Amino acid sequence: MNEEQQKVRLVYTGVRNFTLRIITAPLSFIFTYLVAHYLSSLPNGEVIFASWQSLYVLVMGYFTIPADTFSLLSSRYASENKPVGGLILLNLTTGGIATLIYVLLVPYLISSLHYVDYLAFYSVALIIISFYVYRISYSIVRGKSPLVIGTTALAFQIVRLAAVLVAFYVFHITILGVVYAYFAGYLTQTLLSIPRIKANLKLDFKVAFATMKKSLATVIYYLQAILEATIVWITIILLHNDIPIAYFESALIIANIVTWSFSLYDGLIAKLSETKDPEIIVTSARIYSFLSTLWLALVIAEGNPLLYHIRRDYLAAIYALVVLSISNYLRGWYSIFYYSIAMKDKSLGLDEYENPFKGLTAKLNFSNFLFSIIGIFVSVVIIYLLRNSPAYLIALGMTTGILINSIWMVKSSYSLSKKEYNFKLPTKELIYSAAAAVITIIPFIFLHFVSYINMIIYGILAILIFVGISYLINPYARLFIKALLKELRKIHI
């Protein structure tokens, strides 16, 4: 029996995939640095960079919603060995429609962003269609063979970086080069995932239509994503100024590194398909609390030099970076509880005829959506009040509503998940990890370093501080570290 046919090993899968993400961290950082630095350094660079980021936020926040909407149920049904061949065709069809709508809107987007490059803007359509193809393959693999995810993510980073290097320094193209890099990366992930798909690929359009109907219960979540994505566009409309967007997006680029730790629960859906044991959620919470909090502390500690290397002016975006990093970290907690709820939600079951809008997932998403209106309203008010303030303060104002929404999402999803599974969250271990993170970050507030050598040295120092404190005060961290060292001793090179 090979590795993918065995029962899912939750912690092993998560740690393995997260480790691969860390290994690729330099590649991802180099890519984001190259894009932000290269575009920003061009004549009128801040406008070009802000235009690209605004386009990217628009595409990933709006036009990929159907792919993300079908993703959760595709994973669930694949894990339950339901026929998912029809889902593949459904995903590709919606991808084609989304791409067409984007193409029709390009003239309006160019007039709104005040940056004229028709070829670059139209080429973004390649990102949309390639994302749909990648997303359906990823969803099925996540439900059946989650170990593959880390490997394909590694390939994505390598190909994307290689493509953007060629685009920038051989062909000297700008936004178009970034588009080609993403297209090549998503295509590579898809090609590597396809041979490893162990799901039931039988064409069954009943499953596809049922998924379309039941996914309406999850689409509300993406309506919230749309609402939050409008912060960028509202800011542009209110201020008629792209510069605050550049500060916000530079902070977001670094803060999104925190989301790499979401791979720690890659095996959660597949494991919950085997058993609904509440201990699965507790185990996911423990490993996420320890390793993701470490990752959060490291990102914040290295925040200043990371911003500096994108563009020196963006150093002032550190405050927005901290808020967005914490927000992303909280969304990781939310996803753990959200996935557990979706796997328990009877209304989402393929053979169930209950109205999906009356199910647990729909109620949770609707509650979060309504509350998110409050968060976005707060951000809009702050942006308006700060309209004559420096760009970094406006960027900070943009992050406020997002953080408010994240706090509520964790609270609401935790309450519902706990009610359904009746688990006890390891509160003390969470507090220990949070305390270790704060103690780790504080010294770096007073350190001013920008060289890559110092970044490596201080990064290692931050890890040692966090791990050392956790080993002393956190029982689970101590157990995990001992188990890891035991495994490492078995390796003979």
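Note that the numbering runs from 1 along the sequence shown for the chain. Every value quoted in this text rests on a predicted model; they were computed, and no experiment measured them.
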Exercise. What's the shortest heavy-atom distance between Ala36 and Ile253, and which atoms?
Worked result: CB-CD1, 4.4 Å

For this session: Check Ala462 against Leu298 and note the closest heavy-atom contact, atom names and distance.
Result: CB-CD1, 4.0 Å

Exercise. Does Leu324 reach the side chain of Phe248, with side-chain heavy atoms less than 4.5 Å apart?
Worked result: yes

Problem set entry | Short side-chain donor-acceptor distance under 3.5 Å, Asn256 and Asn328 | yes

Exercise. Is the centre of the Tyr288 ring less than 6.0 Å from the centre of the Tyr329 ring?
Worked result: yes

Exercise. Within a strict 4.5 Å, meaning less than it, do heavy atoms of the Phe31 and Val178 side chains meet?
Worked result: yes

Exercise. Tell me, do Leu430 and Leu425 make a side-chain contact under 4.5 Å, heavy atoms counted?
Worked result: yes

Problem set entry | Minimum heavy-atom distance between Asn405 and Gly375, given as atom pair plus value | OD1-CA, 3.4 Å

Problem set entry | Check: Asp277 side chain, Ile280 main-chain N or O, donor-acceptor pair, under 3.5 Å | no

Problem set entry | Minimum side-chain heavy-atom gap Phe131-Met60 below 4.5 Å | yes

For this session: Show the numbers, then the answer: is there a side chain to side chain contact (heavy atoms under 4.5 Å, CB included) between Asn368 and Phe371?
Result: CA-CA 5 Å; Asn368 290 338; Phe371 190 87; 5.8 Å; no

Exercise. Do the non-hydrogen side-chain atoms of Ser28 and Ile257 ever get within less than 4.5 Å of each other?
Worked result: no

Problem set entry | Lys NZ or Arg CZ of Lys276 over Tyr421 ring: under 6.0 Å, within 45° | no

Exercise. Looking at side-chain heavy atoms only, is the closest gap between Ser54 and Trp233 below 4.5 Å?
Worked result: yes

Exercise. Does atom NZ of Lys363 have more than 12 heavy-atom neighbours from other groups under 6.0 Å away?
Worked result: no

Problem set entry | Expected output: side-chain Ser417 to main-chain Ser413 donor-acceptor under 3.5 Å | no

For this session: Count the heavy atoms of every other residue, nucleotide or ligand shown that sit under 6.0 Å from CZ of Phe366, and state whether that count exceeds 12.
Result: no

Exercise. Which heavy-atom pair separates Phe168 from Leu34 by the least distance, and what is that distance?
Worked result: CE1-O, 3.7 Å

Problem set entry | Glu228 and Arg331 ion-paired at < 4.0 Å | yes

For this session: Keeping the roles fixed (side chain from Ser289, backbone from Arg286), state whether a donor-acceptor pair exists under 3.5 Å.
Result: no

Exercise. Do Tyr182 and Tyr56 make the cut of ring centroids closer than 6.0 angstrom?
Worked result: yes

For this session: Find out whether Tyr134 and Leu187 are in side-chain contact, i.e. whether some heavy atom of one side chain is under 4.5 Å from a heavy atom of the other.
Result: no

For this session: Check whether any side-chain N or O of Ser470 sits under 3.5 Å from a backbone N or O of Val467 as a donor-acceptor pair, and report yes or no.
Result: no

Problem set entry | Enclosure of Tyr452 OH (heavy-atom neighbours >12, cutoff 6.0 Å) | yes

For this session: Report yes if some heavy atom in the side chain of His37 is under 4.5 Å from a heavy atom in the side chain of Arg311; otherwise report no.
Result: no

Problem set entry | Main-chain N/O of Gly459 paired with Glu302 side-chain donor or acceptor, under 3.5 Å | yes

For this session: Go through the side-chain N and O atoms of Thr293 and Ser433 and say whether any donor and acceptor fall under 3.5 Å apart.
Result: no

For this session: Output, in order, the C-alpha distance, side-chain angles, deciding distance and verdict of side chain to side chain contact (heavy atoms under 4.5 Å, CB included) for Val141 and Thr152.
Result: CA-CA 10 Å; Val141 164; Thr152 60; over 6 Å; no

Problem set entry | Nearest heavy-atom neighbours spanning Leu39 and Thr174 | CD2-CB, 3.8 Å

Problem set entry | Derivation and outcome, side chain to side chain contact (heavy atoms under 4.5 Å, CB included), residues Phe290 and Ile481 | CA-CA 10 Å; Phe290 175 47; Ile481 293 168; 4.1 Å; yes

Exercise. Under 3.5 Å, side chain of Tyr102 to main-chain N/O of Phe63, donor-acceptor pair present?
Worked result: no

For this session: Please report the shortest heavy-atom distance between Pro426 and Val282, naming the atom on each side.
Result: CD-CG1, 4.2 Å

For this session: Would you check if there is a donor-acceptor pair between the side chains of Thr361 and Asp345 at a distance under 3.5 Å?
Result: yes

For this session: Quick one: do Trp333 and Tyr414 satisfy ring pair (Phe, Tyr, Trp, His ring centres under 6.0 Å)? Show the steps, please.
Result: CA-CA 9 Å; Trp333 280 108; Tyr414 167 67; 9.0 Å; no

For this session: Please collect all salt bridge (Lys or Arg N to Asp or Glu O under 4.0 Å) contacts where either partner lies in residues 157-179, sequence neighbours excluded, each pair once.
Result: none

Problem set entry | Test log, rule side chain to side chain contact (heavy atoms under 4.5 Å, CB included), inputs Phe480 and Leu291 | CA-CA 10 Å; Phe480 178 86; Leu291 291 181; 4.0 Å; yes

